[in-house]
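These numbers were taken from a predicted model, which means no experiment stands behind them.
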Amino acid sequence: MDQYKSEFVRNLVSRDFYYQATDLDGIDQAAQKGSLCAYIGFDCTASSLHVGSLVQIMLLRRLQQAGGRPIVLLGGGTTKIGDPSDKDKSRPVLSTEQINANKESLKGVFAKFLKFGDGPTDAIIVDNADWLEGLGYIDFLRDVGRFFSINRMIALESVKRRLDREQELTFLEFNYMLLQAYDFLELNQRYGCRLQMGGSDQWGNIVNGRELIHKYKVEHNGIERDDEKAFGFTAPLITTASGGKMGKTADGAVWLNADLRSPYEYWQFWRNCEDADVARFMRLFTDMPLDEIAKYQALEGADINSAKIVLANACTTLLHGAEAAKSAQETAHATFAQGQAGGDLPKVQLNADEMADGVSLMSLFERAGLVASRGEAKRHIKAGALKLNDKPVTDMQTQIGAGDFTGQENLKLSVGKKKHALVLPAV
């Protein structure tokens, strides 16, 4: 640690962000000299990012905290092709309208973690469609394509894996790495961006971009000066202590947009993490000081639960605000410690027809996101884990209607001890 002089690199190494870099000492020196500009790209394949993307967002946050300038690059252009990295098959082709809708939906989450504006360290959001869609194909092949070796491209792990498995890799996808490299060159020329960061699965794409910048400068200027050199940095792909994929749960992805994953559910995700992950997640996903994290890391047994609550509050505060975190903790306390139905639990609202005619209890469990299928519900019933108002459900055919709300404002659905939701009557 002592060999790194910049706050930026020291933070990345000490907080477990470092996996691989083209020249970590060079990044350290560049960060010392002034406002280092760096970017990470996010394709617009969905309307929300999920927790698996949070490492990348926190990388940009660490950069800004250390006096650097973050660029959020939205892939309005590259999403039309699809990144083959770490994929076993081609992504579905999205319409321009869907990509644009996703792009607008994604923008809000970055403002929770980064400060945007016109200052030297203020973050900016750019869209690679601004330059990619105006490229002439022949000109692009002549000016950019000639710098790329097919031999090296097919040797990249992401490409080699698809070919070795005899899984189709379209020519469209094969072009992706050229376009991502061109993004780095474009951002370098427009904004003086010298660093591309990403997950370890992006290493090949990042190296291609760094080499393109080098070759372009040498060809046009005869030399690449030390103060112009571009760099690449990757963080490890985060898995849980038991080897599971970060952000994937039994009831789906842990989305960052509140309309897809409520603040309470987000809080619960962190509260329910594995014991061995608590301190590591604090380093990666919160701004807690390292000496404070070390104290929580020393806790054992039941005491680790207090650290999980601290983690959940810190993570939820960053994304949804302090009030949402406080409310989520109070709801959890009411639900689990006092046996009440906390107000922040996920909710299912019945309509007038359902109140009059009745609705399947099993469908309510599905609508609440507590079970993924009737088959899963049946397994929970056999185990005695599926409950209505804390009483085990024994009949899959149970119907819920107006009579079930007599004397109570809502019904409580539960799967085991940790997953709960409320059913509300029609207004």
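To the nearest 0.5 Å, atoms CG (Asp287) and CD (Gln65) are separated by 4.5 Å. Put simply, CG on Leu36 and CG on Leu63 are 6.0 Å apart, with the number rounded to the nearest 0.5 Å. Rounded to the nearest 0.5 Å, atoms CG (Leu59) and CZ (Phe113) are 12.5 Å apart. Remark: Phe17 CZ to Met58 CE distance equals 5.5 Å, nearest 0.5 Å. Asp16 contributes atom CG, which lies 4.5 Å from atom CZ of Arg283 (distance to the nearest 0.5 angstrom). Residue Leu74 holds its CG atom at 6.5 Å from NZ of Lys107, rounded to the nearest 0.5 Å.
Looking only at atom types and distance, the side chain of Gln268 has no donor-acceptor partner in the side chain of Arg271 under 3.5 Å away. Residues Asp43 and Thr78 have side chains that bring a donor and an acceptor to within less than 3.5 angstrom of each other. Neither side chain, Gln196 nor Asp183, offers a donor N or O lying under 3.5 Å from an acceptor on the other. For the residue pair Asn102/Gln98, the side-chain donor-acceptor check at 3.5 Å is satisfied. In the model, Asn313 has a side-chain atom that pairs as donor or acceptor with a side-chain atom of Gln329 under 3.5 Å.
By the 30° and 60° cut-offs, the orientation of the rings of Tyr264 relative to Trp267 is parallel. Between Phe285 and Trp270, the ring-plane angle classifies as tilted under the 30° and 60° cut-offs.
Listed for the Ser47 side chain is no donor-acceptor partner under 3.5 Å among the backbone atoms of Ser105. For Ser48 (side chain) and Asn257 (main-chain N/O), a donor-acceptor pair under 3.5 Å exists by modelled atom type. Within the 3.5 Å criterion, the main-chain N or O of Ser327 finds a donor-acceptor partner in the side chain of Thr331. With hydrogens and angles disregarded, a donor-acceptor distance shorter than 3.5 Å links the side chain of Lys308 to the backbone of Cys273.
Shown are Asn11, Leu12, Val9; of these, the side chain to side chain contact (heavy atoms under 4.5 Å, CB included) with Tyr4 is made only by Val9. Tested against Phe184 for a ring-ring contact (aromatic ring centres under 6.0 Å, His included), the candidates Tyr39, Tyr216, Phe231, Trp131 yield a single pass: Tyr39.
Between Lys103 and Asp127 there is a salt bridge, since at least one side-chain N of the basic residue sits less than 4.0 Å from a carboxylate O of the acidic one. Note on Arg10 versus Asp28: no salt bridge recorded, every NZ/NE/NH1/NH2 to OD/OE distance being 4.0 Å or above.
Aromatic rings from Phe42 and Phe110 are positioned such that their centres are separated by under 6.0 Å.
Contact record, Tyr191 with Cys37: O-SG, 4.1 Å, taken as the closest heavy-atom pair.
Put simply, the side chain of Leu256 reaches to within 4.5 Å of the side chain of Ile57, judged on heavy atoms.
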